[in-house]
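These notes concern the structure reproduced below.
So you know, we letter chains A, B, ... as the sequences are listed, proteins then strands, and number each from 1. FYI, side chains are in, hydrogens and waters are out, and symmetry mates aren't considered; it's all heavy atoms of this structure.
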Protein chains: 2
Amino acid sequence: MDRRRIVGLTPTLIADAGLELVEGAEPFGVNAIARKLGVRPSSLYKHVSGLDDIVELMRGRLVERYRTLPADQPWDAFVEDVVRRQRRMYADHPALLPFLIGKTITSPTVIDAYDDLAVALQSGGFPDDEILTLVGMIDAFALGFGLELASPEQVWQPEAPTQLFGKLLAGSQSGPERVERSFELALDVLLVALRDRLPSRDQE
Amino acid sequence: MDRRRIVGLTPTLIADAGLELVEGAEPFGVNAIARKLGVRPSSLYKHVSGLDDIVELMRGRLVERYRTLPADQPWDAFVEDVVRRQRRMYADHPALLPFLIGKTITSPTVIDAYDDLAVALQSGGFPDDEILTLVGMIDAFALGFGLELASPEQVWQPEAPTQLFGKLLAGSQSGPERVERSFELALDVLLVALRDRLPSRDQE
DNA sequence: ACCTGAACACCGTTCAAGT
DNA sequence: ACCTGAACACCGTTCAAGT
């Protein structure tokens with residue numbers, strides 16, 4: 001009997017083990033993944049090229065789970081859905097964020113998702129030379145608010161008297177609710193701004 | 001002669017050494033800072049409690065440098081200035097970002113800067129129960145676009161054919177210009193939205 | 001072909017020892 | 001009081017050796 005078959009590592013298995021770690025707020029890394037898979041760290045290197053590769057695979061797996069496909073809906077409904085899901089994705093995996101940022105995106109699924117967004121904006125009537133700009137804006141938006149949601153309960157902790165800030169923090173609603181409100185407000189603002197910017201078309 | 005005086009470590013010296021490292025895109029960490037200061041890593045622990053402490057001190061030093069004080073200007077001019085400077089701060093120190101995110105902010109200077117923003121919004125006429133929400137929104141905004149600016153030249157790198165995205169990327173302006181455009185557009189949108197949201201006051 | 005074991009060059013942190 | 005030196009428990013990665 002071939003002992004190798006018992007293990008049967010694959011890039012997908014490795015990525016999913018990594019996702020389970022970050023979702024469980026467990027320590028994350030090459031060694032931790034190997035431990036979770038009951039294998040030696042060096043074994044992973046036959047299937048992936050290193051930690052960066054694993055992280056990009058994880059990004060792909062995440063987008064597969066969280067993305068929404070464009071259906072028969074207006075472009076702005078699709079954008080809203082994309083932003084909401086993307087933000088939730090980031091917020092559900094805060095521990096992965098430091099690894100995701102600042103790295104070139106190559107995962108085909110992820111590129112596809114951005115492609116869908118670009119197509120939606122185009123068919124909504126936006127000119128080609130503005131679409132990447134808008135995609136970048138939507139991306140920065142989702143990321144910024146994902147980070148906000150991933151922040152600790154106490155984002156600010158004043159240790160000295162303030163003019164106003166400390167009083168507001170003391171009297172404010174619990175963190176999650178406030179963060180949710182600022183997201184809803186900002187999302188509304190984003191969508192209004194996008195509709196505003198849309199070149200006018202024939203009245204229906 | 002007292003050999004101790006030759007070294008003379010302080011928290012500020014340690015933080016500034018860390019900033020020089022991230023600004024020079026050199027490897028960053030406790031050991032790297034110690035090397036830069038010509039001292040053993042263990043020596044730092046008499047002055048700071050660890051890496052997290054150092055990072056929070058660095059955040060404070062950064063805000064000291066980048067923040068703007070409220071002068072005789074309308075609230076929206078101040079908000080615009082704050083967002084621009086905050087974004088530039090993040091973009092000038094991309095390597096620090098993974099360490100900054102998701103940590104409670106305690107640095108007095110940083111708290112003061114948020115306090116100024118809160119006061120500006122209040123004196124602009126926003127109701128108290130909305131100010132933290134707006135501060136959170138402005139914060140997420142600056143962070144999201146700072147990240148965008150800190151991204152690699154090639155944010156997206158399709159490896160398979162796309163419907164539209166690949167064509168747009170090929171025909172687009174260079175990365176920095178596009179990112180700059182999406183920031184200017186979004187900042188404009190943010191300010192319009194804030195002014196819109198301001199409860200109406202007596203006409204001047 | 002695929003996994004192991006040992007090795008390498010790193011981390012951040014603690015703590016007794018020196019001065 | 002402040003810095004060193006040694007030690008500890010980790011990292012990510014490489015590579016010869018096993019099957």
Side-chain angles (χ1 to χ4, degrees), chain A residues 1-22 24-59 94-104 106, chain B residues 1-22 24-59 94-104 106:
Chain A
M1 200 205 244
D2 197 345
R3 284 178 124 247
R4 280 176 280 137
R5 298 227 144 241
I6 297 173
V7 174
L9 291 175
T10 69
T12 301
L13 264 176
I14 292 169
D16 286 347
L19 284 177
E20 282 180 42
L21 287 174
V22 293
E26 297 169 69
F28 169 71
V30 174
N31 293 15
I33 291 175
R35 267 193 302 275
K36 183 155 199 95
L37 292 171
V39 96
R40 299 283 127 139
S42 55
S43 308
L44 304 181
Y45 287 77
K46 271 282 144 174
H47 306 273
V48 296
S49 69
L51 183 58
D52 283 1
D53 192 16
I54 295 174
V55 167
E56 186 61 19
L57 287 166
M58 290 169 70
R59 195 206 303 263
L96 193 58
L97 256 158
F99 296 92
L100 285 178
I101 63 181
K103 273 172 199 154
T104 299
T106 60
Chain B
M1 202 208 243
D2 196 345
R3 286 179 120 247
R4 280 177 282 136
R5 297 227 145 240
I6 297 173
V7 174
L9 289 176
T10 69
T12 300
L13 263 175
I14 293 168
D16 286 348
L19 283 177
E20 284 181 41
L21 287 174
V22 294
E26 297 170 69
F28 169 71
V30 173
N31 293 13
I33 291 175
R35 266 193 303 274
K36 184 157 198 94
L37 292 171
V39 97
R40 299 282 127 135
S42 55
S43 308
L44 304 181
Y45 287 77
K46 271 281 144 173
H47 306 272
V48 296
S49 70
L51 183 59
D52 283 1
D53 192 16
I54 294 174
V55 168
E56 187 61 20
L57 287 167
M58 289 169 71
R59 196 206 300 266
L96 193 58
L97 255 158
F99 296 91
L100 285 178
I101 63 182
K103 273 171 200 154
T104 300
T106 59

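- The minimum heavy-atom distance between B/F28 and B/I33, with the atom names listed, is CE1-CD1, 3.9 Å.
- Take B/E26 and apply the side chain to side chain contact (heavy atoms under 4.5 Å, CB included) test, not counting sequence neighbours, and it matches B/L21, B/K36.
- The side-chain hydrogen bond (donor to acceptor under 3.5 Å, both in side chains) analysis of residues 9-18 of chain B, with sequence neighbours excluded, yields the pairs B/D16-B/R61.
- In this structure, the side chain to side chain contact (heavy atoms under 4.5 Å, CB included) partners of A/P98, at least two apart in sequence or on a different chain, are B/P98, B/I101.
- Between B/L9 atom CG and D/dT4 atom P the separation is 8 Å, expressed in whole Å.
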Base-contact (B) and sugar-phosphate-only (S) positions in nucleotides 9-14 of chain C, heavy-atom cut-off under 4.0 Å, - elsewhere: --SBBB
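- For the OP1/OP2 pair of C/dC3 and a distance below 4.0 Å, the side-chain nitrogens and oxygens of A/H47 include at least one atom meeting the criterion.
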Structure string for DNA chain C in dot-bracket form, Watson-Crick and G-U at under 3.5 Å, | interchain: ||.|||||...|||||.||
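- By the side chain to side chain contact (heavy atoms under 4.5 Å, CB included) test, B/A95 is found to be paired with B/V22, residues two or more places apart in sequence or in another chain being considered.
- Looking at residues two or more places apart in sequence or on another chain, you find a side chain to side chain contact (heavy atoms under 4.5 Å, CB included) between B/P94 and B/A150.
- Scanning all heavy atoms of the two residues, the minimum distance from A/L57 to A/A15 falls at CB-CB, 3.8 Å.
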Using atom types as modelled, flag every donor-acceptor pair under 3.5 Å from a side chain in residues 42-54 of chain B to any protein atom, sequence neighbours excluded.
from	atom 1	to	atom 2	distance (Å)
B/S43	OG	B/R40	O	3.1
B/H47	ND1	B/L9	O	3.4
B/D52	OD1	B/K103	NZ	3.4
B/D53	OD2	B/S49	N	3.0

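- Dashed line: the shortest gap from a side-chain N or O of A/R40 to OP1 or OP2 of C/dG5 is under 4.0 Å.
- Straight-line distance from the CG atom of B/L44 to the P atom of D/dG5: 14 Å, rounded to whole Å.
- The side chain of B/S43 contributes no N or O atom lying less than 4.0 Å from OP1 or OP2 of D/dC2.
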